[in-house]
Amino acid sequence: AFVLKTTNPALSHDARAESYGELGELLLGARFSGEAESCYLHAQALAPDDARWPYRLGHVYLVKADRVKAVAAFERALELSPADLATLVWLGETYLKGGDYQQAEKQYRQLLDVYPDSSYALQAQYSLAWTLFDEKDYQAALDLFTAFFKKNPAHELAEDANFKIG
């Protein structure tokens with residue numbers, strides 16, 4: 001069915017992109033990252049203004065441990081959808097894992113400034129504390145870990161935050 005949907009010239013570009021995207025999801029879930037990448041690249045070529053495709057490519061590149069391509073993909077997704085919370089978080093995580101602490105801090109602060117009550121705010125606050133810790137700004141990290149623990153003592157990351165507090 002996917003082959004028919006992706007190759008049928010009677011379908012719109014968006015419909016064909018959607019089919020490639022669905023197939024990419026299945027392939028990535030089955031750990032076929034190279035094949036998923038190909039599907040998302042086709043989807044992106046068919047629907048270049050759809051932020052889903054570079055966002056999903058970012059995840060493929062994270063699986064493939066290609067942080068440079070992951071950053072570029074997530075940045076492209078943000079160009080297309082600047083307010084997307086998940087993309088802000090994943091771009092921050094990609095920067096953090098790659099050791100680009102200034103950019104990670106920028107992403108987390110942007111998310112916390114614009115969306116302080118979002119479902120991603122706790123993760124961003126925790127990751128920002130880690131970023132500051134890795135930047136050796138220990139006092140700022142301690143303050144954030146302490147605030148995180150006090151505000152969210154039952155959260156799954158609270159035990160780790162409490163450990164960081166010492």
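As the structure is a prediction and not an experimental result, all values here were calculated from the model.
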Problem set entry | Distance in Å, Thr94 OG1 paired with Asp100 CG, rounded so as to fall on 0.5 Å steps | 11.0 Å
For this session: Indicate whether the side chain of Tyr61 and that of Glu37 have a donor and an acceptor atom separated by less than 3.5 Å.
Result: yes
Between side-chain atoms of residues 85-93 and protein atoms elsewhere (two or more places apart, or another chain), which donor-acceptor pairs fall under 3.5 Å?
unit_1	atom_1	unit_2	atom_2	d
Thr87	OG1	Asp84	OD2	2.5
Glu93	OE2	Tyr108	OH	2.6
Glu93	OE2	Ser127	OG	2.6

Problem set entry | Donor-acceptor pair, side chain of Ser19 and main chain of Ala15, under 3.5 angstrom | yes
Seminar exercise, completed: In terms of heavy-atom contacts, Tyr115 and Ala121 come closest through O-CB, 3.9 Å
Problem set entry | Ala70 versus Gly58, closest heavy-atom pair with distance | CB-O, 3.6 Å
For this session: Please answer whether the main-chain N or O of Glu25 pairs with a side-chain N or O of Tyr40 as donor and acceptor at a distance below 3.5 Å.
Result: yes
Exercise. Roughly how far apart are Leu111 CG and Leu128 CG, rounded to 0.5 Å?
Worked result: 10.5 Å
Exercise. Is Val60 linked to Phe32 within one hydrophobic cluster, defined over Ile, Leu, Val, Met, Phe, Trp and Tyr using a side-chain heavy-atom separation of less than 4.5 Å?
Worked result: no
For this session: Sort out for me which residue in Gln102, Gln107, Arg109 forms a side-chain contact (heavy atoms from CB on, under 4.5 Å) with Glu105.
Result: Arg109
For this session: Start with the C-alpha distance between Tyr95 and Tyr101, add both sets of side-chain angles, then the distance that settles side-chain contact (heavy atoms from CB on, under 4.5 Å), and finish with yes or no.
Result: CA-CA 7 Å; Tyr95 282 131; Tyr101 304 125; over 6 Å; no
For this session: Measure the spacing between CG of Asp134 and NZ of Lys136 and express it to the nearest 0.5 Å.
Result: 7.5 Å
For this session: Could you check whether the rings of Trp130 and Phe145 sit parallel, tilted or perpendicular, using 30° and 60° as the cut-offs?
Result: perpendicular
For this session: Search all heavy atoms of His13 against all heavy atoms of Leu46 and return the closest pair with its distance.
Result: ND1-CD2, 3.0 Å
Exercise. Passes side-chain contact (heavy atoms from CB on, under 4.5 Å), Ser38 versus His42? Steps please.
Worked result: CA-CA 6 Å; Ser38 178; His42 281 296; 3.7 Å; yes
Problem set entry | side-chain contact (heavy atoms from CB on, under 4.5 Å) evaluation trace for Leu80 with Asp49 | CA-CA 6 Å; Leu80 297 170; Asp49 294 331; 4.2 Å; yes
Exercise. Roughly how far, to the nearest 0.5 Å, is CG of Leu96 from CD of Gln103?
Worked result: 12.5 Å
For this session: Please assess Phe74 against Arg76 for the test side-chain contact (heavy atoms from CB on, under 4.5 Å), listing each intermediate value before the final yes or no.
Result: CA-CA 5 Å; Phe74 287 132; Arg76 176 65 180 143; over 6 Å; no
For this session: Taking atom NZ of Lys64 as the centre, report whether more than 12 heavy atoms of other residues, nucleotides or ligands fall under 6.0 Å from it.
Result: yes
Problem set entry | Heavy-atom closest contact (Cys39 atom, Leu27 atom, distance) | SG-CD1, 3.7 Å
